[in-house]
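Start at 1 with the first residue, then count along the sequence.
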Amino acid sequence: MLAAASAPEVEDSVASSTSITDISFIPVADPVLGHEEKTALCEVIDSGWITMGERVQRFEEDLARIHDVEETVAVSSCTAGLHLILHALGIGPGDEVLVPSLTFVATINCILYVGAAPVLVDIDTIDNPLMSLDDAARKCTEKTKAIILVHYAGYLADRSAWQKFADQRGLLIIEDAAHATGLKDVGTYGVAAALSFYGNKNMTTAEGGAVIVSDQNLREKIRKMRGHGLTSGTFQRHSGSSPGYDMTMLGFNYRMDELRAAIGIVQLRHLEAWNHKRRHLTQLYRSLLEEHAPEVVVPFTAGDVSSYHIMPVVIPDGADRSHVIKSMRDAGIQTTIHYPPAHLFSFYREHLPSKQLPRTEEYGRRELTLPLFPRLDAVHIERITHALAKSIRC
Ligand SMILES: *Cc1c(COP(=O)(O)O)cnc(C)c1O
């Protein structure tokens, strides 16, 4: 059975490796999990060592090779990774961090975890729904310490423009790369990047994440902080390499376990092919939408560097989105929204200074996320495109 994985709060995103050609309901996202992952999990259980150990280390090495970096640090989630980065950088009360409102709440929450103030920034345009440099410049104050860039939908932010922006103002750049696993540029923008392996991402460990940090001192600090700031872990003590330990800094329990790492090792072997398939499907969407539903805006351009994490489209201003969502569902197609603007959520409205972000609001009103995952084929893209064209016209 295929489970409908949609927004990150949906937790039932585990499916078998059944082909989807013969099923009638198309979810928005669908992890590829099967026989190889099952075997890998059984091996961990048989080994008798299920917490952080050799497989976590191997996963970190394999991930580093794919991202062309020296090392990576596996953690329990992308949220944990972002929290560790901000905590390790000493960002805290009195500091401000620029962040897009068009993101998943985790990006904003991690700023609140360290006691700093998120400053929500508008998107550039409907066609380029990434954080706006102009609006960020307007919102920068002497309290601003860092920027969190989100590679929304897998499309990379403009590195040289943001580096110039950050250099001129002495700001740190952090990447929320939850959508961009597998892209080599991730981790090269500023101090650190966090990846997500949640169930609906480009690859999954069920729950999980990783941090890419170029500076070795900062990386070792984050590595320690992942395990309560201890100088050695259970595995090192078990293997006899260091019998005792000291605690030298305040950390958290943000470790990854061997079961998740074992799944991740398998998934990483397929990531490049999966991202390639996503790219192919996205190109197909672009040409079919242009032909059959030219009134639909497809953000970004075909040549942009991306991991093609999701397929966002913007429906015409007058179209009734809830009607479109319902008629797509009646046609057996799940759609979701990435994202309801964060600044409009009750919690942030209550706790952050009130904001008007007109472009984010318009995008949030008109955006619709179409299904995109490696096991889709041309027939599905055609079916989805035709259903969309029909539902926005009636
Ligand atoms: C999924 C997601 C996260 C959170 O990832 P977790 O691994 O679930 O903590 C953060 N930011 C963005 C943009 C995401 O899509």
Side-chain angles (χ1 to χ4, degrees), residues 32 40 52 54-78 80-82 84-85 88-89 130 146-164 166-167 172-198 201-205 208-223 226 254 256 260-280 282 300 303-310 374:
V32 187
M52 211 167 62
E54 279 164 352
R55 283 178 180 82
V56 171
Q57 198 182 334
R58 162 88 190 280
F59 176 63
E60 289 176 338
E61 287 163 9
D62 290 355
L63 184 65
R65 210 167 305 118
I66 282 173
H67 276 275
D68 216 357
V69 294
E70 239 168 86
E71 286 176 36
T72 62
V73 182
V75 289
S76 54
S77 69
C78 176
L82 290 169
L84 284 174
I85 293 166
L89 289 169
L130 298 177
I147 313 162
I148 305 184
L149 297 175
V150 178
H151 302 304
Y152 171 79
Y155 294 82
L156 292 177
D158 183 340
R159 181 171 56 185
S160 55
W162 282 108
Q163 284 178 338
K164 192 169 153 216
D167 285 349
L172 300 166
I173 298 180
I174 297 158
E175 295 163 71
D176 176 340
H179 296 185
T181 301
L183 293 183
K184 292 220 192 313
D185 283 348
V186 163
T188 65
Y189 282 64
V191 279
L195 305 171
S196 175
F197 313 125
Y198 180 70
K201 301 301 204 271
N202 282 31
M203 60 157 279
T204 187
T205 59
V211 179
I212 296 176
V213 195
S214 47
D215 179 77
Q216 200 186 345
N217 290 330
L218 183 64
R219 187 165 66 228
E220 286 321 306
K221 197 168 170 186
I222 287 174
R223 198 183 283 289
R226 154 183 80 174
Y254 284 162
M256 182 179 267
R260 289 184 169 83
I263 296 176
I265 292 166
V266 173
Q267 295 263 309
L268 277 179
R269 291 205 288 265
H270 301 285
L271 180 65
E272 199 185 325
W274 288 341
N275 284 356
H276 191 79
K277 179 73 183 287
R278 287 173 180 278
R279 175 187 156 85
H280 172 75
T282 301
F300 305 107
D304 289 340
V305 178
S306 182
S307 62
Y308 305 94
H309 172 55
I310 52 170

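- Met256 and Val75 get closest at one heavy-atom pair: CE-O, 3.7 Å.
- Arg219 has its side chain within reach of Val73: a pair of non-hydrogen atoms, C-beta onward, lies under 4.5 Å apart.
- Of the possible polar contacts, one joining the His67 side chain to the Leu183 backbone as a donor-acceptor pair under 3.5 Å is found.
- Heavy atoms of other residues, nucleotides or ligands lying less than 6.0 angstrom from CD of Glu220 number more than 12.
- Gln267 places a side-chain N or O within 3.5 Å of a backbone atom of Val32 that can act as its donor or acceptor partner.
- Counting only heavy atoms from C-beta outward, the side chains of Lys201 and His179 approach each other to under 4.5 Å.
- You'll find the side chain of Arg65 reaches within 4.5 Å of the side chain of Asp62, heavy atoms only.
- The local environment of CD in Glu70 is sparse, with at most 12 non-hydrogen atoms from other residues, nucleotides or ligands closer than 6.0 Å.
- Contact detail for Asn202 and Ser307: the closest heavy-atom pair is ND2-O, 2.9 Å.
- Not a single salt bridge (charged side-chain N to carboxylate O under 4.0 Å, His left out) links Arg278 to another residue, sequence neighbours left out.
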Go through Arg226 and Glu60 one step at a time and tell me if the salt bridge (charged side-chain N to carboxylate O under 4.0 Å, His left out) criterion holds. CA-CA 14 Å; Arg226 154 183 80 174; Glu60 289 176 338; 2.8 Å; yes
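- Of the inter-residue distances, the one linking Arg55 atom CZ with Arg260 atom CZ reads 15.0 Å to the nearest 0.5 angstrom.
- Applying the side-chain hydrogen bond (donor to acceptor under 3.5 Å, both in side chains) criterion to Tyr308, with sequence neighbours excluded, gives Arg279.
- Considering CG of Leu89 and CG of Leu172, their distance stands at 5.5 Å, rounded to 0.5 Å.
- Contact record, Thr204 with Phe197: OG1-O, 2.8 Å, taken as the closest heavy-atom pair.
- In the displayed structure, Lys184 atom NZ is contacted under 6.0 Å by more than 12 heavy atoms of other residues, nucleotides or ligands.
- Considering CG of Asp176 and CG of Leu82, their distance stands at 5.0 Å, rounded to 0.5 Å.
- Atom-to-atom distance recorded for Leu130:CG and Asp158:CG is 9.5 Å, nearest 0.5 angstrom.
- Under the 3.5 Å distance criterion, the side-chain polar atoms of Ser306 are matched with a main-chain donor or acceptor of Gly154.
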Side chains of residues 186-195: which donor-acceptor pairs under 3.5 Å do they make with residues two or more places apart or in other chains?
residue : atom : partner : partner atom : Å
Thr188  : OG1  : Arg159  : NH1          : 2.5
Thr188  : OG1  : Asp185  : O            : 2.5
Tyr189  : OH   : Ala157  : O            : 2.5

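- Thr72 has its side chain out of reach of Phe59: every pair of non-hydrogen atoms, C-beta onward, lies at least 4.5 Å apart.
- Of the inter-residue distances, the one linking Arg269 atom CZ with Met203 atom CE reads 11.5 Å to the nearest 0.5 angstrom.
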Assess the residue pair His276 and His280 against the criterion (side-chain contact (heavy atoms from CB on, under 4.5 Å)); give the C-alpha distance rounded to whole Å, side-chain angles, the decisive distance to 0.1 Å, and a yes or no. CA-CA 6 Å; His276 191 79; His280 172 75; 5.6 Å; no
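- Atom CD of Gln163 has more than 12 neighbouring heavy atoms from other residues, nucleotides or ligands inside a 6.0 Å radius.
- The two residues Asp304 and Tyr155 make their nearest non-hydrogen contact at CB-CD2, 3.8 Å.
- Minimum interatomic distance between Cys78 and Ser196 (heavy atoms only, all atoms of both residues): CB-CB, 3.4 Å.
- In plain terms, the two heavy atoms of Ile147 and Ala166 that are nearest each other are CD1-CB, 4.1 Å.
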